[in-house]
There are 2 protein chains.
Amino acid sequence: MKLTFAELSTELVKKNLRPSHHRIKILEYLLDKQGHPSVDQIFNDLHKEIPTLSKSTVYNTLNLFITARLVRMLTIEDNETRYDLIVDKHGHFKCESCDTIYDFKINIDDFIADELSDFQINDQDVYFKGICPSCLSNKNTL
Amino acid sequence: MKLTFAELSTELVKKNLRPSHHRIKILEYLLDKQGHPSVDQIFNDLHKEIPTLSKSTVYNTLNLFITARLVRMLTIEDNETRYDLIVDKHGHFKCESCDTIYDFKINIDDFIADELSDFQINDQDVYFKGICPSCLSNKNTL
DNA sequence: AATATTATCATAATCATTACAAACTAATAA
DNA sequence: TTATTAGTTTGTAATGATTATGATAATATT
């Protein structure tokens with residue numbers, strides 16, 4: 001579901017964000033890139049295309065997207081924040097070998113225990129960690 | 001289920017950790033304190049009792065406990081790690097108003113998606129955020 | 001075009017965590 | 001007991017991710 005530059009721009013405008021070039025590029029990157037990139041990944045990759053890009057801008061833009069509820073912050077790891085476009089609810093699996101974060105379907109609402117009936121739930125995160133199939137098979141061939 | 005000093009000491013020895021005074025105090029603190037304390041909370045509270053206690057020791061000891069699988073790290077928030085004694089699997093709810101982290105029962109295994117059948121799962125975390133009943137009722141009375 | 005507003009940049013500041021080396025304590029052996 | 005070794009704790013310095021700040025550039029508004 002590759003969106004055009006113009007379509008991405010509209011998405012930003014919908015959220016009352018000015019569709020600057022940098023913002024569109026960062027949004028596009030988040031859409032295209034699998035594995036839920038970190039700030040460093042985003043910055044390093046986009047820096048090749050946009051040499052003037054500053055890391056501050058990446059931070060600013062991501063925080064802007066978070067406030068606009070376009071993007072979610074994943075705190076699956078304690079030393080590095082990852083970012084996730086908000087589409088539908090899903091769980092996250094981080095491979096401890098290759099650091100890729102995979103999405104998986106999960107019906108989170110089924111989880112909700114009775115003991116939470118008096119709580120106001122704003123966010124739900126399901127984080128799994130382990131080894132992904134690709135790294136598992138590599139390990140076997142070593 | 002308050003454990004005595006001697007019993008806590010035995011727990012450490014079981015895990016091949018020397019039962020030093022500091023380690024026992026930190027373990028005891030984790031057992032007694034509700035809401036999953038941060039390093040700062042642990043340090044500040046224990047510092048009153050043990051004025052010579054160093055924050056390094058708190059970090060060292062917690063990491064030791066994690067390696068020994070006595071304690072789990074909670075990365076529910078991106079700016080502060082919380083710690084959780086390993087007992088049985090449960091979810092964590094963080095109140096965004098009072099910062100307390102509540103446990104709740106959850107049957108994670110029932111919900112594991114088929115798409116993860118080829119993944120080796122080592123850790124499972126379920127993090128919810130929102131407002132706890134106590135803060136909700138406070139808000140209503142304001 | 002002039003002015004006000006917003007974006008971006010570059011650097012400095014912050015803050016949680018880790019690394020490190022010295023000081024201290026406990027365990028073991030002679 | 002003393003000497004030796006291993007393990008623990010401390011305090012400070014280093015690291016590294018993130019945020020704050022002030023200057024500059026771009027865009028929108030009048």
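Letters A, B, ... are given to chains in the order of the sequence lines, protein chains preceding strands, and every chain is numbered from 1.
A donor and an acceptor atom, one from each side chain of D84(A) and H92(A), are located under 3.5 Å apart. Side chains of T4(B) and E7(B): a donor on one and an acceptor on the other come within 3.5 Å.
Straight-line distance from the CD atom of Q41(B) to the C1' atom of dA16(C): 15 Å, rounded to whole Å. Spacing between atom CG of L53(B) and atom C1' of dT8(D) amounts to 12 Å, rounded to whole angstrom units. For N16(B) and dG7(D), the CG to P distance is 12 Å, given to the nearest whole Å. If you take NE2 of H47(B) and P of dT10(D), they are 10 Å apart, rounded to a whole angstrom. When rounded to the nearest whole Å, the span between CD1 of I50(B) and P of dT9(D) equals 10 Å. Rounded to an integer number of Å, the gap from K55(B) NZ to dT8(D) C1' is 20 Å. One interatomic measurement links the two molecules: NE2 of H21(B) to P of dT8(D), which rounds to 16 Å at whole-angstrom precision. As a whole-Å value, the separation of N63(B) CG from dA19(C) C1' is 12 Å.
Note on the helix from dA1(C)-dT30(D) to dA30(C)-dT1(D): terminal axis deviation equals 10°, with five pairs used at each end and the result rounded to 10°.
Applying the 4.0 Å criterion to OP1 and OP2 of dA17(D), one finds that T81(A) has every side-chain N and O outside that range. A close approach under 4.0 Å does occur between a side-chain nitrogen or oxygen of Y59(B) and OP1 or OP2 of dT17(C). For the OP1/OP2 pair of dA7(C) and a distance below 4.0 Å, the side-chain nitrogens and oxygens of R23(A) include at least one atom meeting the criterion. Distances shorter than 4.0 Å separate none of the side-chain N or O atoms of N60(A) from OP1 or OP2 on dT8(C). Phosphate contact (OP1/OP2 of dC9(C), side-chain N/O of H22(A), threshold under 4.0 Å): present. For dG16(D), neither phosphate oxygen OP1 nor OP2 lies less than 4.0 angstrom from any side-chain nitrogen or oxygen of N79(A). Taking only side-chain nitrogens and oxygens, T52(A) never comes nearer than 4.0 Å to OP1 or OP2 of dT8(C).
In terms of position along DNA chain C, the nucleotide closest to S20(A) lies nearer the 5' end than the nucleotide closest to the other residue of the pair R18(B) and S20(A).
When heavy atoms are screened at a 4.0 angstrom cut-off, D78(B) is found touching no nucleic acid atom at all.
Scanning all heavy atoms of the two residues, the minimum distance from I131(B) to C95(B) falls at CA-SG, 4.0 Å. The shortest non-hydrogen separation linking L85(B) to L27(B) is CD2-CD1, 3.8 Å.
A donor-acceptor pair is defined here as one N or O able to donate and one able to accept, closer than 3.5 Å; no such pair exists between the side chain of E96(B) and the backbone of K129(B).
Through direct or relayed side-chain contacts under 4.5 Å between Ile, Leu, Val, Met, Phe, Trp and Tyr, I76(B) connects to L74(A), I76(A), I101(A), Y127(A), L74(B), I101(B), Y127(B).
S56(B) contributes a side-chain N or O that forms a donor-acceptor pair with the base of dT12(D) under 3.5 Å.
No close placement of the F119(A) and F128(B) rings is indicated, their centers lying 6.0 Å or farther apart.
Annotation: ring-ring contact (aromatic ring centres under 6.0 Å, His included) contacts of Y83(B) (sequence neighbours excluded): none.
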